[in-house]
Amino acid sequence: QVQLVESGGGLVQAGGSLRLSCAASGRTFSGYVMGWFRQAPGKEREFVAAVTWSGGVTHYLDSVKGRFTVSRDNAKNTVYLQMDSLKPEDTAVYYCAAKHSSVYYIATSTYNYWGQGTQVTVSS
């Protein structure tokens, strides 16, 4: 089992920044691709970003490219999502997820482990 705990959410004005963290515990972090997803009220959960175990491959939702950066520190078993130039449409609950794989996935159904989520609210 892998336990995931997100932190770093909050209320920010449009144009501001937040950094989300996701701390993993339980099994070794080794070999897991990590994903970030979000779910706005009344909408389905959607893929935001992913990073492979080595950190060498990242992938982003088109609408966040150039604004969000995903990274990981395997020594700390932690993955990050740096969010800059935030927009009101980024408001959602953000979740991190893990899957033992050498490649990334964007479908929610492919990830085995999920955190409880952290709320991000961007005011206009």
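Between the side chain of N74 and the backbone N or O of S30 there is no donor-acceptor pair closer than 3.5 Å. Checked by atom type and distance alone, the side chain of R72 pairs as donor or acceptor with a backbone atom of T52 at under 3.5 Å.
In this structure, OG1 on T118 lies 8.5 Å from CG on L18, to the nearest 0.5 angstrom. The CG atom of N112 lies 9.5 Å from the CD atom of Q1; values are rounded to the nearest 0.5 Å. Distance check, rounded to the nearest 0.5 Å: CD of Q82 to CZ of R67 gives 12.0 Å. In this structure, CZ on R19 lies 11.5 Å from CE on M83, to the nearest 0.5 angstrom.
Linking ILVMFWY residues whenever their side-chain heavy atoms come closer than 4.5 Å, directly or via other members, places Y60 and L86 in the same cluster. A chain of hydrophobic side-chain contacts below 4.5 Å, direct or via other Ile, Leu, Val, Met, Phe, Trp or Tyr residues, connects Y94 to V51. L11 and V122 are members of different hydrophobic clusters when ILVMFWY side chains are connected at heavy-atom separations under 4.5 Å. In terms of hydrophobic clustering, with Ile, Leu, Val, Met, Phe, Trp and Tyr side chains grouped at heavy-atom distances under 4.5 Å, V2 and Y95 are assigned to different clusters.
Within a 6.0 Å sphere centred on NZ of K76, heavy atoms belonging to other residues, nucleotides or ligands number 12 at most.
Between V103 and S101, the shortest heavy-atom distance links the atoms O-OG, 2.9 Å. The heavy-atom pair separating S17 from S85 by the smallest distance is OG-N, 4.3 Å. Between A98 and Y32 the shortest heavy-atom distance is CB-CD2, 3.9 Å. The two residues S21 and T78 make their nearest non-hydrogen contact at CB-CG2, 4.3 Å. Pairing each heavy atom of A92 with each of A40, the nearest pair is CB-N, 3.8 Å.
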Could you walk me through whether R45 and W114 pass the side chain to side chain contact (heavy atoms under 4.5 Å, CB included) check?
CA-CA 12 Å; R45 193 170 298 188; W114 291 85; 3.3 Å; yes
I'd like to know whether T69 forms a side chain to side chain contact (heavy atoms under 4.5 Å, CB included) with Y80, so could you lay out the CA-CA distance, the side-chain angles of the two residues, the decisive distance to 0.1 Å, and finally the verdict.
CA-CA 8 Å; T69 303; Y80 305 97; over 6 Å; no
Please test K87 against D90 for salt bridge (charged side-chain N to carboxylate O under 4.0 Å, His left out), starting from the C-alpha separation and ending with a verdict.
CA-CA 5 Å; K87 303 176 181 180; D90 294 318; over 6 Å; no
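Two residues are said to be in side-chain contact when any heavy atoms from C-beta on lie closer than 4.5 Å; M34 and L4 meet this criterion. Using a 4.5 Å heavy-atom threshold, the side chains of L20 and E6 count as separate. With a 4.5 Å cut-off on side-chain heavy atoms, L61 and R38 count as touching. In this structure, the side chains of I106 and E46 stay at 4.5 Å or more apart for every pair of heavy atoms. Between V70 and V79, some side-chain heavy-atom pair lies under the 4.5 Å cut-off.
Taking the six-membered ring for Trp and thresholds of 30 and 60 degrees, Y104 and H59 have nearly parallel ring planes, at less than 30 degrees apart.
Checking Y111, F37, F68 one by one against F47, the ring pair (Phe, Tyr, Trp, His ring centres under 6.0 Å) holds for a single residue, F37.
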